[in-house]
Amino acid sequence: MTIHNVEIAEKFTRLANLLEIEGANPFRVRAYRNAARVISGITKNVSDLLAQGMDLTELPGIGDDLAEKIKTIVNTGELPILQQIEARTPAVLNELMKIEGLGPKRVQKLYKKLKIHNLKDLEQALAKGKVRKLAGFGEKTEKNIQSSMQHIREYSQRIKLADAFSIANRLVHYLKLLPEAKQVECAGSFRRRRETVGDLDILISANNNEKVINHFLHYNEIATINSQGSTRSAVRLHSGIQVDLRVVPEESYGAALIYFTGSKDHNIAIRKIGIKKKFKINEYGMFKGKKQIAGKSEEEMYHKIGLAYIEPEMREDRGEIELAKKNQLPKLITLADIRGDLHCHTNLTDGTASLETMAAAAELLGYEYIAITDHTQHLAMVHGVNKKSLLAQIKAIDKLNAQLKKLIVLKSCEVDILEDGSLDLPDEVLKELDLTVCSIHSKFNLSAKKQTERVIRAMDNPYFTILGHPSGRLINERKAYQINFEKIIHAAQERHCFLELNAQPDRLDLDDAHCQLAKELGVKLAISTDAHSPEGFAFMQFGIYQARRGWLTAEDVINTRSLAELRKLIKRK
DNA sequence: GCCGTTTTCGGCCCGACTGTTTTCAGTCG
């Protein structure tokens with residue numbers, strides 16, 4: 001049995017929560033939390049690394065003790081200290097920590113005084129009015145707990161980045177209407193472009209706080225106001241998302257932007273560098289004694305502590321700070337680098353627009369090329385193409401290309417990878433195409449071994465070009481299928497194939513960590529929208545964000561190339 | 001529990017807001 005990194009991380013997180021509830025040394029708790037984060041941030045399997053003889057104490061925040069505990073988990077699947085603690089403190093207390101306003105101290109009190117073990121117990125105690133009678137609790141706390149529980153029941157998930165975009169942009173636009181608001185930005189995980197967003201953190205620089213906060217509180221999408229002070233306020237919108245607003249003076253804007261963009265771990269790391277240089281860093285700026293020496297802009301803050309400017313998408317404390325020290329940060333890809341889209345559908349299968357309409361839309365975007373990739377016959381549900389209909393489409397594309405002035409339409413299709421790893425159309429048809437996108441659309445539940453072999457066998461076909469949506473996950477809906485990515489990426493590298501970063505907002509597949517792994521192992525990606533309509537081409541921006549989170553440069557992505565270069569690059573050897 | 005160009009012991013990021021207090025603990029980001 002292989003133990004996966006997420007399982008190790010989950011054990012440490014559970015241990016940290018329970019220790020905290022028991023009132024353990026907070027720094028010990030932090031050490032376990034940190035270990036969970038470090039482990040889950042490693043793209044390679046820790047059990048494999050151990051088998052290769054790696055010394056885990058080389059990892060940041062992992063000392064002799066934690067290295068030993070990780071080994072124990074890998075070898076036995078168990079963490080004895082966690083079992084001991086769970087024997088005396090119920091594991092389900094973890095659930096209670098998710099409620100807003102309940103931290104370790106209050107959870108401990110609920111458990112010890114009222115024998116509350118889980119959400120159900122809590123609900124009953126609340127109904128009987130027991131909670132408000134506890135010392136430190138009161139009527140308002142009781143109400144807050146009830147409303148947070150209600151919210152958890154209704155919206156347990158973080159929302160997708162694309163959904164957050166429309167909500168955030170509308171709010172930012174509203175806030176900018178006020179002349180007193182000098183600079184307005186949505187910070188937090190939104191600005192780091194994480195694939196899902198928990199809440200929105202809005203930062204404003206102004207010299208009239210009262211007016212700004214008042215304006216904010218009159219936004220017509222606000223459902224409830226949770227807190228309001230002279231520099232910050234928190235509300236919940238009708239859409240269910242929480243918004244935290246913070247107002248700072250202009251001379252602090254850069255410092256505050258770093259602080260509120262996070263991640264928390266990135267901030268802790270840069271504050272530590274500040275401390276070494278005898279500076280104090282907070283959201284108001286950088287201080288030497290009482291004197292402010294930086295704070296107006298992010299660039300100034302980073303430079304003052306000897307770091308190159310770090311793009312928000314990289315601020316996860318995954319090694320970016322070390323690179324910034326050496327001025328070796330990658331130049332991240334931008335939307336402007338993209339010259340074409342290699343995955344889109346027409347109304348021949350499940351798209352909504354004709355070949356001609358899709359081509360015209362791509363031409364308007366200034367693209368040099370697109371690949372038309374309709375589904376193949378195995379996907380009968382959408383009338384996937386067979387040999388005959390694909391050959392007809394090829395003819396239509398030839399005809400269209402003769403008329404188009406700026407764009408070239410590449411002949412392609414999204415070929416189903418069948419269960420045995422064969423492709424859904426015969427080679428004699430595939431050889432007529434410029435490239436293929438090969439994807440799994442069936443048999444998601446194979447074992448990791450079988451699924452991996454299936455894909456690698458497909459790559460053995462000389463007409464395989466790009467592996468489409470490689471993990472098959474749908475964010476918040478469907479988990480990735482079991483597959484060994486390291487093996488897949490190695491196989492792609494050996495066979496001169498490519499992986500897709502599918503830019504559909506509910507896919508964003510590959511994820512950031514696997515983008516990084518592909519780059520490390522020398523495999524290039526195609527960032528493609530999988531557009532099913534002309535509007536679908538606009539999803540490219542979300543693919544770019546994910547790519548930036550995976551540290552990709554224009555060099556790492558094949559559809560940043562001119563058509564001639566692309567043709568050379570995708571030619572199988 | 002981790003870690004060291006002030007350290008192998010004694011630190012570990014830091015400030016705002018709420019609610020329950022009557023000066024501050026708890027929580028959050």
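Computed from a predicted model, the values in this text were never measured in an experiment. Below, all heavy atoms of this structure are taken into account, side chains as well, without hydrogens, waters or symmetry copies.
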Output yes when A/E10 and A/R14 qualify as a salt bridge under the 4.0 Å nitrogen-oxygen rule, no when they do not. yes
Can you see if the side chain of A/S230 gets near the phosphate of B/dA16 - specifically, an N or O under 4.0 Å from OP1 or OP2? no
A/I213 CD1 - B/dC17 C1' separation (whole Å): 11 Å
If I take atom CD1 in residue A/I99 and atom P in nucleotide B/dG26, what distance separates them, rounded to the nearest angstrom? 18 Å
Tell me: CG of A/L102 to C1' of B/dG19, nearest whole Å? 13 Å
Give the C-alpha distance, both sets of side-chain angles, the deciding distance and a yes or no for side-chain contact (heavy atoms from CB on, under 4.5 Å) between A/R318 and A/D512. CA-CA 12 Å; A/R318 293 184 193 156; A/D512 51 0; 3.3 Å; yes
Is A/P104 touching bases, backbone alone, or none of the nucleic acid, heavy atoms closer than 4.0 Å? sugar-phosphate
Separation of B/dG11 C1' from A/N34 CG (nearest whole Å): 16 Å
Taking only the side-chain heavy atoms of A/S227 (C-beta and beyond), determine which of B/dC17, B/dG29, B/dC2 contains the nearest atom. B/dC17
Below the 4.0 Å mark, does B/dG1 have OP1 or OP2 next to a side-chain nitrogen or oxygen of A/K69? yes
Tell me if B/dT22 is syn or anti. Syn = glycosidic torsion within 90° of 0, anti otherwise. anti
P atom, B/dT18 versus B/dC12: distance in rounded Å? 28 Å
Check whether any side-chain nitrogen or oxygen of A/K280 sits under 4.0 Å from OP1 or OP2 of B/dG15, and answer yes or no. yes
Give me the distance, rounded to whole Å, that separates B/dG11 from B/dT7 when you measure between the P atoms they each carry. 14 Å
Considering every strand and a 4.0 Å limit on heavy-atom distances, what is the contact class for A/N144: base, sugar-phosphate, or nothing? sugar-phosphate
Give the nucleotide from the list B/dC13, B/dG29, B/dG1 with an atom nearest to the side chain of A/D244. B/dG29
A/R246 has its side chain closest, among B/dA16, B/dG26, B/dG29, to B/dA16
A/D65/A/R28 salt bridge by N-O under 4.0 Å criterion: no
Of A/D64 and A/R271, the one whose closest nucleotide on DNA chain B sits nearer the 5' end is A/D64
Same-atom distance (C1') from B/dC13 to B/dC2, integer angstrom: 16 Å
Using only side-chain N and O atoms of A/Y284, determine if any of them is under 4.0 Å from OP1 or OP2 of B/dA16. yes
B/dC28 and B/dT20, which share atom name P, separated by this distance in whole Å: 15 Å
Of the candidate nucleotides B/dC28, B/dT27, B/dC12, which contains the atom at the shortest distance from the side chain of A/N25? B/dC12
Give A/I270 one of three labels, base, sugar-phosphate or nothing, depending on what nucleic acid heavy atoms sit under 4.0 Å from its own. nothing
Qualifying ring-ring contact (aromatic ring centres under 6.0 Å, His included) pairs, either residue in residues 242-264 of chain A, two or more places apart: none
Note: A/H303 and A/Y309 closest approach over all heavy atoms is NE2-N, 4.0 Å
Without decimals, in angstroms, what is the distance between A/K278 NZ and B/dT6 P? 7 Å
Could you tell me how far B/dT8 sits from B/dG4 if I compare only their C1' atoms? Round to whole Å. 8 Å
With respect to the side chain of A/K140, which nucleotide from B/dG15, B/dT20, B/dC13 is positioned closest? B/dT20
Quote, to the nearest angstrom, the P distance that separates B/dG15 from B/dT22. 27 Å
N-O pairing of A/R192 and A/E320 below 4.0 Å: no
Gap in Å between the two C1' atoms, one belonging to B/dG26 and one to B/dT21, rounded: 12 Å
Measure CG/A/N209 against C1'/B/dC17 and give the value in whole Å, please. 15 Å
Quick one: look up who B/dT8 pairs with, Watson-Crick or G-U, both distances under 3.5 Å, and put none if it's unpaired. none
Is it the case that A/D556 and A/T553 place a side-chain donor and acceptor less than 3.5 Å from each other? yes
Suppose we call a contact any N or O donor and acceptor under 3.5 Å apart; does that hold for the side chain of A/Y259 and the base of B/dG15? no
Using a 4.0 Å heavy-atom cut-off, does A/D201 contact any base of the nucleic acid, only the sugar-phosphate backbone, or nothing at all? sugar-phosphate
Quick one: which of B/dG1, B/dC13, B/dC28 gets closest to the side chain of A/D65? B/dG1
Establish, yes or no, whether a centroid distance under 6.0 Å links the rings of A/F190 and A/F165. yes
Rounding to an integer number of angstrom, what distance separates B/dG10 and B/dA16 when you compare their P atoms? 31 Å
Rounded interatomic separation in angstrom, taking CG from A/N282 and C1' from B/dC14: 7 Å
Toward the 5' end of DNA chain B, by each residue's nearest nucleotide, A/K272 or A/E139: A/K272
Within the pair A/T231 and B/dC17, is there a side-chain N or O less than 4.0 Å away from OP1 or OP2? yes
Is the distance from OP1 or OP2 of B/dC13 to the nearest side-chain N or O of A/N267 less than 4.0 Å? no
Which nucleotide wins on minimum distance to the side chain of A/E283, given the candidates B/dG15, B/dC13, B/dG26? B/dG15
From CG of A/D317 over to P of B/dC2, roughly how many Å is that when rounded to an integer? 17 Å
Look at the side-chain N and O atoms of A/R30 and state whether any lies under 4.0 Å from the OP1 or OP2 oxygen of B/dC13. yes
